[in-house]
2 protein chains.
Amino acid sequence: MSLGIDEPIREPWRHALEEPSVKDGILVLLVEDEPQMQRFLRASLGSHGFRLLEAATGAEAVLQATTHSPDIVLMDLGLPDVDGIALTRKLREWSRVPIIVISARGREEDKVEALDAGADDYLTKPFGVNELFARIRVALRHAGQSGGEGPGPVLDLGEVRIDLEARRVTVAGSDVHLTPIEYKLLVLLAKNAGKVLTHRQILKEVWGPAYAGQTHYVRVRMAELRKKIERADGPKLFVTEPGVGYRLVAERADEAPPVK
Amino acid sequence: MSLGIDEPIREPWRHALEEPSVKDGILVLLVEDEPQMQRFLRASLGSHGFRLLEAATGAEAVLQATTHSPDIVLMDLGLPDVDGIALTRKLREWSRVPIIVISARGREEDKVEALDAGADDYLTKPFGVNELFARIRVALRHAGQSGGEGPGPVLDLGEVRIDLEARRVTVAGSDVHLTPIEYKLLVLLAKNAGKVLTHRQILKEVWGPAYAGQTHYVRVRMAELRKKIERADGPKLFVTEPGVGYRLVAERADEAPPVK
DNA sequence: AAAGACCTTGACGGCCCCTTGAGGGGGCGG
DNA sequence: CCGCCCCCTCAAGGGGCCGTCAAGGTCTTT
């Protein structure tokens, strides 16, 4: 019965990532106006170590979400002042927090509408706590893996630095002029440093999906890039994977540590 | 809808990156053995522009997922040869593809087990197509937004590690360069670790269906693979099954989840 | 209109990778 | 012991992929 979130389940999918937060740290925003349900969920969640935040109206919910940025939102659709669907859309305008909708309405159209509005899951009352917890774990799992936000405004590759905001590239301190395609190509490779990108991927991202077959384009542009950027940097920055594509070597030795 | 709270809906969650593929390009792996359900889903998915891949057994499913890397998996739990839960875990060892479980079993423990095994959603039969599609959209939304972040799926075979996302292989920590065919061969064997793959299967998956008779190709490439990655690892990694094919020994001795 | 920046396109030489065939070894049945 | 089958090894050969260069076309700038 105590198949709660603290169960020592093996989690093979969570290879090696920052623990988003231990169970005790997880902050749940409960959007619910019905007192009975409030009590029930408050007890269940509380006894499993979640920290709780509550809101009984849409306005409150927005305020709570804004100021405390919870890790997950449980939203009942039956609110007095606002439609839960609209509230979901509102939240989705600026936040990617996981939203699990709880509703007494089991009609298919309701589910579709909520999910398309941005909800991550839809649970019909009555439901079991264990299922709720399992779905919370799934939602947190998703949120955790996209954890780190986009890369900073500056990509640092040893001698080479790319200022994404200024669209400026420097090699060993001095500016290097890149044409539009060269720049897109470099940024694409830099953002995926260490990974091999196939010709197809590169062409689709840089030139557009229609050019997926023009492998030669990549070769010519790549040669130009190498001439401009790889000059001073002794070790090869761009590595050719014959028959596959290209890879930009990652300078930093951090990388994902071994699984075991 | 009626309150001023809902602004123009611009699907803000999609700002992460360009959509990897339009709906028409999405490849669905349908793991289902029941003919009636097969027909139903085949028709529904097909008419909505999804490309379809089918598997009626666990082994087939693994092979299909291995070679075609679908964008999403729909899995019925009632398979003849393997438990769907175990299959989910198996897939999660190397892949982060969204998995939506479809089952006739509505018991809460079943849901919890499936979700904790790595499934992203759980749909109880009977269900409506529209809900299924909505949940597919949610799953794809999640998959799309995590773009290039995350630890990346890694196959761990003792000394040998295969980083699928980076297409990089290391033996005892140092990089090993593999040609395209060598790499495909290794990955195929690794994803089916423990199982014997016949020459025919290997040729079909790595070289293409037209090469099914060229057994010698496999032998030569296999020899090269052994020279490159089996050197330091004392115990044999690749086992020859005379007259049949090859097998990669599974190192991990665990994998015995007691069916509670 | 002329000049410049940028991309496409083709040709060519070099090198990587796959094929292909020959030679040899080990297991098994006769 | 011998012969057959299956497998491993090695190296030569050729085809295809890659890097390079330069001419020509298109669009923008002056």
Side-chain angles (χ1 to χ4, degrees), chain A residues 167-169 175-189 196-231 233 235-249, chain B residues 167-169 175-189 196-231 233 235-249:
Chain A
R167 197 206 167 279
R168 199 147 161 229
V169 178
D175 272 31
V176 171
H177 172 73
L178 295 184
T179 72
I181 284 192
E182 285 163 8
Y183 180 75
K184 279 168 80 176
L185 185 54
L186 175 61
V187 170
L188 177 64
L189 285 167
V196 175
L197 296 178
T198 66
H199 303 124
R200 204 173 200 80
Q201 288 176 304
I202 294 174
L203 283 161
K204 268 196 343 203
E205 292 294 330
V206 176
W207 275 266
Y211 292 75
Q214 311 291 338
T215 309
H216 194 61
Y217 291 13
V218 182
R219 276 200 276 273
V220 177
R221 293 297 113 221
M222 200 59 122
E224 201 62 29
L225 249 190
R226 284 207 245 238
K227 271 200 291 191
K228 288 185 179 177
I229 286 182
E230 213 175 29
R231 200 176 313 165
D233 223 17
K236 278 192 294 189
L237 186 62
F238 304 101
V239 176
T240 304
E241 297 281 349
V244 184
Y246 294 89
R247 180 166 57 89
L248 193 147
V249 302
Chain B
R167 195 202 171 278
R168 201 196 291 188
V169 177
D175 272 31
V176 172
H177 174 73
L178 295 185
T179 71
I181 286 191
E182 287 162 8
Y183 181 77
K184 279 164 80 176
L185 185 53
L186 174 62
V187 170
L188 178 65
L189 286 167
V196 178
L197 295 178
T198 67
H199 301 127
R200 207 173 199 77
Q201 283 177 311
I202 294 175
L203 283 161
K204 234 175 73 177
E205 301 301 340
V206 176
W207 275 264
Y211 293 74
Q214 311 291 338
T215 308
H216 193 59
Y217 290 13
V218 182
R219 277 200 272 271
V220 176
R221 293 295 112 225
M222 205 57 153
E224 199 62 30
L225 249 190
R226 286 206 244 239
K227 269 200 294 190
K228 285 187 178 177
I229 79 179
E230 209 177 32
R231 198 174 308 167
D233 219 18
K236 277 194 295 189
L237 187 61
F238 304 101
V239 177
T240 304
E241 299 282 349
V244 184
Y246 293 90
R247 178 167 58 88
L248 193 147
V249 302

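On a predicted model such as this, the values are computed, not experimentally measured, just so you know.
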Participant: Please report the closest heavy-atom contact between A/Q201 and A/V196, naming both atoms and the distance.
Facilitator: OE1-O, 4.0 Å

Participant: Tell me whether the count of non-hydrogen atoms from other residues, nucleotides or ligands lying under 6.0 Å of CZ in A/R168 goes above 12.
Facilitator: no

Participant: Compare every heavy atom of A/L225 with every heavy atom of A/E182, then report the nearest pair and how far apart it is.
Facilitator: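 That closest heavy-atom pairing would be O-CD1, 4.0 Å.
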
Participant: Over 60° means perpendicular and under 30° means parallel, so tell me whether A/Y211 and A/Y217 are parallel, tilted or perpendicular.
Facilitator: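 Tilted: the ring planes of A/Y211 and A/Y217 meet at 30° to 60°.
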
Participant: Between C/dT19, C/dC18, C/dC7, spot the one nearest the side chain of A/P180, thanks.
Facilitator: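 Of C/dT19, C/dC18, C/dC7, C/dC7 is nearest to the side chain of A/P180.
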
Participant: Taking CG from A/L203 and P from C/dT8, how many angstroms apart are they, rounded to a whole number?
Facilitator: 10 Å

Participant: Using only side-chain N and O atoms of B/Y246, determine if any of them is under 4.0 Å from OP1 or OP2 of D/dC7.
Facilitator: no

Participant: Under 4.0 Å: is that the gap between some side-chain N or O of A/H177 and OP1 or OP2 of C/dC6?
Facilitator: yes

Participant: Whole angstroms only, please: what is the NE2-P distance between B/H216 and D/dC10?
Facilitator: 13 Å

Participant: Looking at every heavy atom in both A/G245 and A/H199, which two are closest together, and how far apart are they?
Facilitator: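 Nearest pair, atom of A/G245 first, then A/H199: CA-NE2, 3.6 Å.
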
Participant: Might you point out which heavy atoms bring B/V206 and B/K184 nearest each other, and give the distance in Å?
Facilitator: O-NZ, 3.1 Å

Participant: Within this structure, what is the OH-to-P distance between B/Y183 and C/dC18, rounded to whole angstrom?
Facilitator: 15 Å

Participant: Nearest whole Å is fine: how far is D/dC17 P from A/R200 CZ?
Facilitator: 14 Å

Participant: Given atom CE of A/M222 and atom C1' of C/dC7, what is their separation to the nearest angstrom?
Facilitator: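 About 17 Å, once rounded to whole Å.
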
Participant: Nearest heavy-atom pair of A/V169 and A/I229: which atoms, and what distance?
Facilitator: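 Looking at all heavy atoms of both residues, the shortest contact is CG1-CD1, 4.5 Å.
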
Participant: I want to check one thing: is the phosphate of D/dG19, taken as OP1 and OP2, less than 4.0 Å away from some side-chain N or O of A/R226?
Facilitator: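 A/R226 to D/dG19 OP1/OP2: side-chain N or O found under 4.0 Å.
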
Participant: For D/dC18, does OP1 or OP2 lie under 4.0 Å from any side-chain N or O of A/H199?
Facilitator: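 Looking at the OP1 and OP2 atoms of D/dC18, one of them is under 4.0 Å from a side-chain N or O of A/H199.
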
Participant: May I ask you to evaluate whether B/T215 reaches the phosphate of D/dC6, defined as a side-chain N or O under 4.0 Å from OP1 or OP2?
Facilitator: no

Participant: Which nucleotide in the list C/dT19, D/dC7, D/dC21 gets nearest to the side chain of B/Y217?
Facilitator: C/dT19

Participant: Counting the atoms with a prime plus P, OP1 and OP2 as sugar-phosphate, which does A/F238 contact under 4.0 Å by heavy atoms, base, sugar-phosphate, or nothing?
Facilitator: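 Nothing, no nucleic acid heavy atom in range.
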
Participant: For B/R247, does the CZ atom sit with more than 12 other heavy atoms under 6.0 Å from it, leaving out its own atoms?
Facilitator: yes

Participant: According to a strict under-4.0 Å criterion, is A/R219 in side-chain N/O contact with OP1 or OP2 of D/dC18?
Facilitator: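 True: A/R219 side-chain N/O within range (under 4.0 Å) of D/dC18 OP1/OP2.
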
Participant: Five pairs per end, C1' atoms only: what is the angle between the end axes of the helix from C/dA1-D/dT30 to C/dG30-D/dC1, to 10 degrees?
Facilitator: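 End-to-end axis angle for the helix from C/dA1-D/dT30 to C/dG30-D/dC1: 20°, rounded to 10°.
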
Participant: Given atom NZ of A/K184 and atom C1' of C/dC7, what is their separation to the nearest angstrom?
Facilitator: 13 Å

Participant: Could you check how far CD of B/E224 sits from P of D/dC8, rounded to whole Å?
Facilitator: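 Between P of D/dC8 and CD of B/E224: 13 Å.
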
Participant: Which whole-number value in Å describes the distance from A/K227 NZ to D/dA22 P?
Facilitator: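 Between P of D/dA22 and NZ of A/K227: 9 Å.
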
Participant: Does a side-chain N or O of B/W207 approach OP1 or OP2 of C/dC18 to a distance below 4.0 Å, or not?
Facilitator: no

Participant: Which nucleotide in the set C/dC17, C/dC6, C/dC18 lies at the smallest distance from any side-chain heavy atom of B/I181?
Facilitator: C/dC18

Participant: Report which part of the nucleic acid B/T240 touches: base, sugar-phosphate, or nothing (heavy-atom distance under 4.0 Å, all strands).
Facilitator: sugar-phosphate

